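A note on names: the letters A, B, ... follow the listed sequences, proteins ahead of strands, and every chain is numbered from 1. Note that the coordinates shown come from a computational prediction; the quantities given were computed from them, not determined experimentally.
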Amino acid sequence: MSEQTSPATAISKPIPSITPDLAEFFAGARRGELMVQKCQGCGVLRFPAHETCANCLDGQAKWVPVSGRGTIYSFNIMHQVYHPGFAGEVPYAVVVVQLDEGVKFISNLVGIKPHDIRCGMPVEVIFEKVSEEITLPKFRPRAGN
Amino acid sequence: MSLRGKCAIAGLGQTRMGKNFDHPNAMGFAVEAVKLALDDAGLTRDDLDGLLVNPGITWSENQMASFSLQQALGLRNLRLSAMMNLGGATGAAMIMHAVQAIASGMANTVACVFADAPLRPPSPRKNGGGSAAAYGFARGLNAAYGLFGVNAQYAFVARRHMHLYGTTSDHLGAIAVAQRKWANMNPAAQFCDTPMTLDDYHESRWVVEPFHLYDCCLVSNGGLAVIVTSSDRAKDLKKPPVYILGMGQGHPGGDPMDTLVSGAPIAKETAFAMAGVELSDIQLAELYDCYTFTVLVTLEDYGFCPKGEGGPFVADGKTAPGGSLPVNTGGGQLSSFYMWGMTPVAEAVAQVRGEAGTRQVPRHDVCLVSGNGGILSTHSTLVLSTRI
C-alpha cells in the first residue's frame, strides 16, 4: 500500500473574502489603517460591521481610522486544529484587543510566545499582507502605556 | 395570578446516553424519550395535548420539529405545539411555557422534549484528508485569525474572570472533580465508572486554554422528555409530583466579557419571588454546565457567594458529595451526559422524587434548576419542590 499523502497539508489558512460591508475595512488595511464603523446618529464606534447602531438604532455609519493602539482584553490559546492551515501553529493564541477608542477587535499577537501573553498588555497594530487583495490587521506588544 | 405550584412534572423519560446508536437520528431518540416519560407518569399518548421541542444540533435544520415529532408519535388534536431554541436555557423554558399554557386553560398535559444524535457509529477510516471545499465553514475574519468554535469564545470570558478575580485552573478543576464524584454514583452517566482526581484533571489535554478537556461538556446521543400537567392531576398519577414553585428567565444582552454576569440575577428575581423562597431555602442546585466555568459564574450570580469569589467557594468541595451545597448531583453535562438544559432538569426530578439511588441527597425538598444558553446569553430558572 503506497503512502497516503494528505492533501490537507497543502491547504493554507483561510483568507476572508471582501464582502460589501467590509470593503472599506479592507481598503483601510491595505493602506495601513485600522478602520471601524462610526455611527452617524450618536457617534459610537463599532466593530464588526453592523447595518444599524445597537446604541441609537441609526442606520447611517461611516468608516473612520483608529489609532491601532490598545491593550489585551482577553485571549485564549487554541490547541485543536479546526482548519489545516493552522496545523503547524498549534498551540497559537487568539487575542481580544481593546482599542484605546473602546472598540474590541479579535486578532493575533505576533512577536510573543502564547504563554507570555497577559491581559492588560499594551499592543499596537501591524499589517500583514496575505494576498493581493487582503491585508490583515494583527498586533504586536508595545512598550509602556 | 400566581402560577406558584399550579403545575408539576409528572413524568420523566430518559434514553440511554452517550455512544448509543439505538436510533439513527434525533427523532428516534425523541420518540423513545416521550414513550418512557408517558410510561413513567402512567399516561398514554391520548393524554398528551401539548408538545414542545428543543432540537439539538443534528435536528435544528428541521424548522417544524414539534410537528415532525407529533407525526412520528402519531399524536392527534394537540392544543399546543412549538419548537423552541434558547440554547441551553430551553429545557427549563419549555417547562415554563407548558405551565403557562396549562394554567391558562390552553392545554392539559404537555411533553417537553430534547433529543440529539451527533455521534456516529465507528466506521472504516476513509483514505486521504479533506479537500479545501471541506473547510468552507472557515469564512470571515475570525477564521483568518484561527478563531473557531464556541469553546474558544467561552475561553475569552473565562480568561477575563481569571484576570479580574484571580480564578485559577485549580478552581475550575475542583468543579470538574466534584461533578465526577457525583457521576461515579450515577449509573446513567457516561463517566460512571471513571474516577478523576485533580491531577487527572490537570493532566487532561488542553482544548483551548484556559479549558482542559474536563472543563468541557460531553457529547451525547440520547433523548430526554418530561411531562408537565396540573398539580391536581399530577397528584393522581403514578409518581410523586415534582411541583413547579417558581420560574423565570433572564437575557442580559451585550458582551458577557464586559460583565462576567449571566442572566441568573434577572431570572432568579422572578422565579424566587413566585416561589416565595430565598437562597437559604435552596437545598440542592442543578446548574447548567457547558463548562466548569459556567457553574462557577452561575453560583456567583445566584448569590451563593459574592461576584468573583466562585473559585474559592468551590475549592473546598462544598458542592461535592457530602458538601453543604450539593451541585449537579448526577455529574452534570461534564460527567453524565449532554442533553442541554434537560440534563439539570432530569437530575432535579430524580432528586426531588427521592429516586436518585446512592447519590440521593438527604434534603431534597427545594431544588434550584438553571439553564444557560449562548455565552452567558440566555438564562432560565426553575424552583422545584416535593410540596406546594
Checklist entry - Where along residues 142-158 of chain B does a heavy atom come under 4.5 Å of chain A, listed by residue number? => result N142(B), A143(B), A144(B), Y145(B), G146(B), L147(B), F148(B), N151(B), A152(B), A155(B), F156(B)
Checklist entry - Take atom CD in E61(B); do more than 12 heavy atoms of anything else shown fall under 6.0 Å from it? => result yes
Item to check | Atom CZ of R140(A): over 12 foreign heavy atoms under 6.0 Å | outcome: no
Checklist entry - Is any side-chain heavy atom of Q98(A) closer than 4.5 Å to a side-chain heavy atom of M257(B)? => result no
Checklist entry - Most heavy-atom pairs under 4.5 angstrom with chain B, which of V90(A), V96(A), I77(A)? => result I77(A)
Next on the checklist: Measuring from atom OG of S74(A) to atom CE of M162(B), what distance do you get when rounded to the nearest 0.5 angstrom?
Outcome noted: 10.0 Å
Item to check | Heavy-atom contact with chain B under 4.5 Å, split by part of Y92(A) | outcome: side chain
Checklist entry - Above 12 or not: heavy atoms from other molecules or residues under 6.0 Å from NZ of K38(A)? => result no
Item to check | Leading residue by heavy atom contact count with chain B [cutoff under 4.5 Å; candidates R118(A), E89(A), K13(A), Q80(A)] | outcome: Q80(A)
Checklist entry - Are any non-hydrogen side-chain atoms of H79(A) and V208(B) less than 4.5 angstrom apart? => result no
Next on the checklist: Does L164(B) have more than 12 heavy atoms from other residues, nucleotides or ligands lying within 6.0 Å of its CG?
Outcome noted: yes
Item to check | Region of I15(A) that comes under 4.5 Å of a non-hydrogen atom in chain B | outcome: neither
Item to check | Side chain / backbone / both / neither for Y82(A) at chain B, heavy atoms under 4.5 Å | outcome: both
Checklist entry - Are E209(B) and H115(A) side-chain neighbours, meaning at least one heavy-atom pair lies under 4.5 Å? => result yes
Next on the checklist: Determine whether a donor-acceptor pair (N or O, by modelled atom type, separation under 3.5 Å) exists between the side chain of R139(B) and the backbone of P16(A).
Outcome noted: no
Checklist entry - Using non-hydrogen atoms only, which part of S107(A) is less than 4.5 Å away from chain B: side chain, backbone, both, or neither? => result both
Checklist entry - Would you say F47(A) and L141(B) make side-chain contact, with heavy atoms under 4.5 Å? => result yes
Next on the checklist: Is any side-chain heavy atom of Y73(A) closer than 4.5 Å to one of D258(B)?
Outcome noted: yes
Checklist entry - For atom CD of E269(B), is the number of surrounding heavy atoms from other residues, nucleotides or ligands below 6.0 Å larger than 12? => result no
Checklist entry - For the atom pair SG (C119(A)) and CZ (R159(B)), what is the distance rounded to the nearest 0.5 Å? => result 6.5 Å
